[in-house]
Amino acid sequence: MTPSEPAETRTEDRPTRPPVAQTATLAEIAREAGVSAPTVSKVLNGRADVAPATRTRVEGLLRAHGYRRRRAEATRSPLIDLVFHELESAWAMEVIRGVENVARDAGLSVVLSESAGRLTPGRSWADQVAARRPHGVVLVLSGLDESQRALLTSRSIPFVVMDPAGDPGADVPSIGATNWQGGLAATRHLVELGHRRIGAISGPPQMMCSRARVDGYRAALETAGLPVDPEMVKTGDFHHETGYRLGRELLARPDRPTAVFAGNDLQALGLYEAARELGLRIPEDVSVVGFDDLPVARWVGPPLTTVRQPLTEMAEAAARLVLELGRTDEVPAATRVELATSLVVRASTGAPPLAGS
């Protein structure tokens, strides 16, 4: 192949983009759908004045043809869309701060969305994003179904998943943290202090980060030659109330653990409340380790030992990546970045009580 050959010939050789995507035009898609080209344009732009059946037919053809609007043709709003599955904790504020930092430097604003606890936003959200035409989308603990991915791809709206709930797929750029290493470090710290009965309160089992932290916990116990007691591992949901409820269950046991690794700081704070109600002192009677290192971890009494997850830096990396992806028409290689976690030792951990050693 020589440089003088037409661009269409060169791009057809890419394995990541089907050949028909280079030849199908809006007019051809319109003829196949039995509608006008302006109607196809309305669907592409997320306009509401298109009949649902027509929209579905056109979207199907756009996906079938692998249609992808050229970056140069895509008029963008000065926005980054930031999507959370939940927006109710200090954890989310750290993420918002990171995306805002990058958006501000780029002269952009941030649009916040919440999917009401669902790990995939609703269809109406995807239509709204198509209508807004942002520079890109950052999804936090969320993902996209195939139709949503196709919709954003056809509009040349790049997206990045931060802290993916499940496997985002080999072709989905994502930013995460070393969750397994964090769970290992937290539990190893407790083992080195002399604890032998160590409980855990995990996050939701369907979330990849939660499973990785518990796997790290198990690996630390097994490496130390300690048994993993399933009764000492409680499945939570990353909320304070669940940390309190499951914390009471663990600490009220006759063979209660002398230390607990909570899957995040909010659950650790719930565990603090349970310990106080049961008349137990931290760390004299029970040691506690959290995960995240939210600002509140330094303020509680005693200050919380926790695994620092660089949330703001992760959010900044996700925002920078989505803007970088928006600057090129090339289909990027799969991008998976994991930022390092680190153990922050404070006053909530110590040697086990003599009776429990």
Side-chain angles (χ1 to χ4, degrees), residues 39-63 67-69 71 74-89 91-93 95-100 102-103 108-169 171-176 204 206-209 237-238 314-315 318-319 321-323 325-326:
T39 297
V40 176
S41 181
K42 287 181 180 181
V43 173
L44 273 172
N45 292 322
R47 292 272 297 275
D49 53 339
V50 178
T54 300
R55 181 185 301 277
T56 300
R57 187 164 68 255
V58 171
E59 289 285 6
L61 288 169
L62 290 170
R63 286 196 298 273
Y67 181 85
R68 186 184 182 94
R69 173 179 280 175
R71 305 272 182 206
T75 303
R76 298 176 185 156
S77 301
L79 304 170
I80 295 177
D81 263 70
L82 176 57
V83 186
F84 288 89
H85 82 298
E86 289 180 339
L87 247 180
E88 60 175 36
S89 73
W91 189 95
M93 293 305 300
V95 175
I96 293 170
R97 180 176 295 112
V99 175
E100 282 277 9
V102 174
L108 306 175
S109 299
V110 178
V111 176
L112 292 179
S113 302
E114 183 191 43
S115 56
R118 299 188 304 270
L119 297 183
T120 302
R123 171 65 203 219
S124 61
W125 167 84
D127 290 335
Q128 291 164 10
V129 171
R132 279 195 292 271
R133 301 189 299 280
H135 275 63
V137 177
V138 176
L139 299 114
V140 184
L141 282 174
S142 300
L144 299 174
D145 62 30
E146 284 301 318
S147 66
Q148 292 168 337
R149 289 176 57 181
L151 186 148
L152 296 187
T153 299
S154 68
R155 278 72 169 177
S156 288
I157 300 174
F159 55 91
V160 171
V161 180
M162 176 185 155
D163 212 1
D167 182 1
D171 59 341
V172 177
S174 60
I175 305 291
Q206 72 270 26
M207 289 189 179
M208 192 162 59
C209 62
D237 59 6
F238 286 155
M314 289 165 64
L321 178 56
V322 84
L323 293 181
L325 294 174

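Everything numeric in this text was worked out from a predicted model, so none of it was measured.
- Taken to the nearest 0.5 Å, the CE atom of Met208 stands 8.0 Å off from the CG atom of Asp163.
- Pairing each heavy atom of Arg155 with each of Ala130, the nearest pair is NE-CB, 4.1 Å.
- To the nearest 0.5 Å, atom CD of residue Gln148 and atom CZ of residue Phe159 are 9.5 Å apart.
- Here CG of Leu87 is found 6.0 Å from CG of Leu112. Values are rounded to the nearest 0.5 Å.
- The shortest distance between side-chain heavy atoms of Cys209 and Leu141 falls below 4.5 Å.
- Nearest heavy atom pair, residue Pro173 against residue Asp171, reads CD-O, 3.6 Å.
- Put simply, the side chain of Leu323 reaches to within 4.5 Å of the side chain of Ile80, judged on heavy atoms.
- His135 places a side-chain N or O within 3.5 Å of a backbone atom of Ser77 that can act as its donor or acceptor partner.
- Between Ile157 and Val137 the shortest side-chain heavy-atom distance falls below 4.5 Å.
- Between Arg97 and Glu100, no side-chain nitrogen of the basic residue sits less than 4.0 Å from a carboxylate oxygen of the acidic one, so the salt-bridge criterion is not met.
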For this session: Might you work through the side chain to side chain contact (heavy atoms under 4.5 Å, CB included) test for Arg149 and Val172, ending with a clear yes or no?
Result: CA-CA 10 Å; Arg149 289 176 57 181; Val172 177; 3.6 Å; yes
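- Contact record, Pro158 with Leu325: CB-CB, 3.8 Å, taken as the closest heavy-atom pair.
- Considering all non-hydrogen atoms of both residues, Ala315 and Gly98 come closest at CB-CA, 3.8 Å.
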Exercise. What do the steps show when you test Ile96 against Leu82 for side chain to side chain contact (heavy atoms under 4.5 Å, CB included), and what is the final call?
Worked result: CA-CA 8 Å; Ile96 293 170; Leu82 176 57; 4.0 Å; yes
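- Rounding to the nearest 0.5 angstrom, the gap separating the CD atom in Glu86 from the CG atom in Asp237 is 8.0 Å.
- In this structure, CH2 in Trp125 is found 5.0 Å from CG in Leu144, a value given to the nearest 0.5 Å.
- You'll find the side chain of Val102 stays beyond 4.5 Å of the side chain of Leu108, heavy atoms only.
- Taking both residues in full, the closest heavy atoms of Met162 and Ala318 are given as CB-CB, 4.4 Å, listed atom of the first, atom of the second, then distance.
- The closest side-chain heavy-atom distance from Val111 to Pro134 is not below 4.5 Å.
- Under the salt bridge (charged side-chain N to carboxylate O under 4.0 Å, His left out) criterion, Asp81 pairs with Arg132, sequence neighbours left out.
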